[in-house]
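One structure is given below, encoded as structure tokens.
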Amino acid sequence: MIRMENHLGLIEVSQDYFNEIIGNAVTSCYGVSGMANTNARQGLRSVLRKRQYVDQGVRVYKDGGGLMVDLHILVTYGLNISAIVRSIVNKVRYTVEDATGLEVRKVNVFVDGMLSREDG
């Protein structure tokens, strides 16, 4: 749960909500093959259930008066990674700020792997 206070009062947004909107925004970007597991729990869950989850590779935390977002992604081999990352940063920032009204201070994107077009 992310709790922030502003001139209107206390704002509480669940981690699941952030995972859902950010995961959907990222996976809809061109060149993103999927999200990478960021911890053992996510990895074990993916192996046991043999599917991907929206919260894979997403971490949101409070930094002062704004939000920090860490993303771990897999990209399609042969595409311009910097263009993909710029697109993700812009889309995530817009999506979160539009949906919650909270400022996104920084979006960190970590490319954890590449998949060929046939694999994705």
Side-chain angles (χ1 to χ4, degrees):
M1 181 77 64
I2 302 287
R3 290 181 175 88
M4 300 185 82
E5 193 163 342
N6 67 9
H7 67 284
L8 299 173
L10 182 66
I11 299 169
E12 294 182 344
V13 182
S14 75
Q15 191 69 38
D16 290 337
Y17 180 71
F18 281 119
N19 293 344
E20 179 93 16
I21 64 171
I22 293 171
N24 287 330
V26 171
T27 54
S28 70
C29 288
Y30 179 76
V32 176
S33 298
M35 303 297 286
N37 295 315
T38 57
N39 60 41
R41 186 179 138 264
Q42 288 180 357
L44 183 61
R45 180 181 62 185
S46 293
V47 169
L48 293 175
R49 300 223 175 125
K50 298 196 183 346
R51 62 177 265 207
Q52 286 200 338
Y53 292 86
V54 175
D55 69 339
Q56 277 182 232
V58 178
R59 180 172 174 247
V60 180
Y61 52 98
K62 189 169 73 166
D63 178 46
L67 300 173
M68 299 283 285
V69 179
D70 290 344
L71 302 169
H72 292 264
I73 64 168
L74 304 171
V75 297
T76 304
Y77 179 80
L79 298 179
N80 185 332
I81 294 174
S82 66
I84 294 169
V85 169
R86 276 194 308 275
S87 171
I88 291 169
V89 168
N90 291 332
K91 187 161 191 173
V92 167
R93 178 170 278 130
Y94 173 78
T95 301
V96 171
E97 289 179 353
D98 185 53
T100 66
L102 301 173
E103 175 193 8
V104 176
R105 292 217 170 162
K106 190 168 188 184
V107 179
N108 298 308
V109 180
F110 303 95
V111 177
D112 290 351
M114 289 187 249
L115 297 175
S116 67
R117 290 188 174 122
E118 293 81 34
D119 293 339

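One-based numbering along the sequence shown.
With hydrophobic clusters built from ILVMFWY side chains whose heavy atoms lie under 4.5 angstrom apart, I84 shares a cluster with V111. Linking Ile, Leu, Val, Met, Phe, Trp and Tyr whenever their side-chain heavy atoms come within less than 4.5 Å leaves M68 and V107 in two separate clusters. Tracing side-chain contacts under 4.5 Å through hydrophobic residues (I, L, V, M, F, W, Y), one never reaches F110 starting from V26; they form parts of separate clusters. Note on Y30: it clusters hydrophobically with V85, by side-chain heavy-atom contacts below 4.5 Å among ILVMFWY residues. I73 and M114 fall within the same hydrophobic cluster, defined by Ile, Leu, Val, Met, Phe, Trp and Tyr side-chain heavy atoms under 4.5 Å apart, directly or through other members.
Residue I81 holds its CD1 atom at 10.5 Å from CD1 of I88, rounded to the nearest 0.5 Å. Distance check, rounded to the nearest 0.5 Å: CG of L67 to OG1 of T100 gives 6.0 Å. Interatomic distance, CZ of R105 versus NZ of K62, reported as 11.0 Å (0.5 Å rounding).
Residues in residues 86-95 take part in these side chain to side chain donor-acceptor pair (under 3.5 Å) pairs, two or more places apart or across chains: S28-K91.
Contact detail for T27 and G23: the closest heavy-atom pair is OG1-O, 2.8 Å. Of all non-hydrogen atoms in A99 and I21, the two that sit nearest each other are CB-CD1, 4.0 Å. Nearest heavy-atom pair across I11 and V13 is CG2-CG2, 4.0 Å. Contact detail for E97 and V104: the closest heavy-atom pair is OE2-N, 2.9 Å.
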TODO: Output, in order, the C-alpha distance, side-chain angles, deciding distance and verdict of side-chain contact (heavy atoms from CB on, under 4.5 Å) for D16 and E20.
DONE: CA-CA 6 Å; D16 290 337; E20 179 93 16; over 6 Å; no
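Taking the ring-ring contact (aromatic ring centres under 6.0 Å, His included) definition, one finds that Y17 meets it with nothing, sequence neighbours left out.
L71 has its side chain within reach of V58: a pair of non-hydrogen atoms, C-beta onward, lies under 4.5 Å apart. By the 4.5 Å heavy-atom criterion applied to side chains, F18 and V69 are not counted as neighbours.
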